[in-house]
Number of protein chains: 2
Amino acid sequence: MSESKAKTPSEQRETVDGSELFSLLGKAHTMAILREILLGDSSSVRFGELQEALDISPNTLSRRLDELVEVGFLERTQYDEIPPRVEYEATELLGALEPTFRELEQWMATHGAEQLGCPE
Amino acid sequence: MSESKAKTPSEQRETVDGSELFSLLGKAHTMAILREILLGDSSSVRFGELQEALDISPNTLSRRLDELVEVGFLERTQYDEIPPRVEYEATELLGALEPTFRELEQWMATHGAEQLGCPE
DNA sequence: CCGTATCCCAAGAGATACTG
DNA sequence: CAGTATCTCTTGGGATACGG
């Protein structure tokens with residue numbers, strides 16, 4: 001079992017200011033990504049999975065994931081295998097927000113919004 | 001007591017889709033505005049108040065308010081007086097989101113974010 | 001497989017000046 | 001007082017091609 005994981009050094013700031021955070025939430029695909037990870041079947045997701053499920057161009061998805069890691073919402077784990085594998089999963093920080101998240105979804109369901117994320 | 005109110009006709013859609021909504025939340029000053037109205041002392045706010053309190057240029061503030069009215073978060077009431085007066089207040093729709101909103105604030109307080117909104 | 005590097009185009013935010 | 005009209009500048013996202 002040579003797992004050989006490697007968490008990205010990730011210069012994650014301990015403090016995140018609110019404006020930055022909400023601005024990130026409003027960016028394209030962010031909510032869809034979080035939804036996939038937080039409310040999806042598995043607790044972790046691979047790059048390709050997201051790309052396929054949400055139909056995002058790789059550069060945009062990459063940026064979004066970076067940002068989410070940077071604010072401390074996601075944790076990136078890289079497995080040194082061939083072919084390469086990378087998993088993203090929710091941090092505790094984000095986990096603490098899950099109830100709120102579900103509440104939001106509930107609210108949306110009540111008011112005619114079909115689903116989160118998925119611009120266009 | 002010549003009140004002479006006038007609610008803006010407001011072509012408010014009944015259904016709002018999630019992406020549009022989160023995108024709006026992420027736009028500059030949106031959260032700050034909602035915070036001011038939802039968690040502020042008074043339940044209604046005037047244009048000038050917001051402009052002063054949040055330091056936003058009038059055109060941007062105007063756009064933001066329009067959008068918030070359009071998605072059904074705010075209600076605009078115009079008083080036909082001189083000088084003109086306009087009040088914005090939270091709709092029931094937004095009101096239903098207040099617990100979630102407070103939860104979010106709580107979450108932020110716990111994690112080092114000082115305040116919502118206020119970009120830069 | 002999981003990205004990065006470029007280029008281009010569109011949306012958005014601020015400054016400023018002006019109007020009902 | 002409460003906005004609108006422009007204009008400009010920046011940011012952001014999609015497409016595509018390529019790299020470890």
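Letters A, B, ... mirror the listed sequences (proteins, then strands); counts begin at 1.
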- Would you please indicate if the ring centroids of B:W107 and A:F73 are separated by under 6.0 Å?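 Under 6.0 Å, so yes.
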Do [X] and [Y] come within less than 4.5 Å of each other through their side chains, counting heavy atoms only?
{"X": "A:L104", "Y": "B:F22", "result": "yes"}
{"X": "B:L65", "Y": "B:F47", "result": "yes"}
{"X": "B:T30", "Y": "B:L68", "result": "yes"}
{"X": "A:L24", "Y": "A:E70", "result": "no"}

- Euclidean distance, A:T100 OG1 relative to A:Q106 CD, rounded to 0.5 Å: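 Spacing of CD (A:Q106) from OG1 (A:T100) equals 13.5 Å.
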- Message: Could you measure the distance from the CD atom of B:E98 to the CG atom of B:L38? Nearest 0.5 Å is fine.
- Response: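 Spacing of CD (B:E98) from CG (B:L38) equals 4.5 Å.
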Is there any protein nitrogen or oxygen under 3.5 Å from a nitrogen or oxygen in nucleotides 1-3 of chain C, and what are the pairs?
| unit_1 | atom_1 | unit_2 | atom_2 | d |
| --- | --- | --- | --- | --- |
| C:dC1 | O3' | A:R46 | NH2 | 3.1 |
| C:dC1 | O3' | A:P84 | O | 3.3 |
| C:dC2 | OP1 | A:R46 | NE | 2.9 |
| C:dC2 | OP1 | A:R46 | NH2 | 2.8 |
| C:dC2 | OP2 | A:G48 | N | 3.2 |
| C:dG3 | OP1 | A:R76 | NH1 | 2.2 |
| C:dG3 | OP2 | A:Y88 | OH | 2.9 |

- Dot-bracket assigned to DNA chain C with the 3.5 Å Watson-Crick/G-U criterion, [ ] for crossing and | for other-strand pairs, is ||||||||||||||||||||
[X] has an atom [atom1]; how far is it from atom [atom2] of [N], in whole Å?
{"X": "B:I56", "N": "D:dT4", "atom1": "CD1", "atom2": "P", "value": "14 Å"}
{"X": "A:L54", "N": "D:dG13", "atom1": "CG", "atom2": "P", "value": "14 Å"}
{"X": "B:L61", "N": "D:dA5", "atom1": "CG", "atom2": "P", "value": "16 Å"}
{"X": "A:L24", "N": "D:dG12", "atom1": "CG", "atom2": "P", "value": "10 Å"}

- Report the residues that fulfil side chain to side chain donor-acceptor pair (under 3.5 Å) with B:S57, sequence neighbours left out, ordered by chain and then residue number.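 With sequence neighbours excluded, B:S57 shows a side chain to side chain donor-acceptor pair (under 3.5 Å) to B:N59, B:T60, given in chain and number order.
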- Message: Restricting to side chain to side chain donor-acceptor pair (under 3.5 Å), what partner residues turn up for B:E89, sequence neighbours left out?
- Response: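 Per chain and number, B:E89 pairs via side chain to side chain donor-acceptor pair (under 3.5 Å) with no residue.
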- Item | Residue pairs involving residues 52-66 of chain B (criterion salt bridge (Lys or Arg N to Asp or Glu O under 4.0 Å); sequence neighbours excluded) |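 The answer is B:R64-B:E67.
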Between protein and nucleotides 7-12 of chain C, what N or O pairs are separated by less than 3.5 Å?
| unit_1 | atom_1 | unit_2 | atom_2 | d |
| --- | --- | --- | --- | --- |
| C:dG12 | OP1 | B:K27 | NZ | 3.4 |

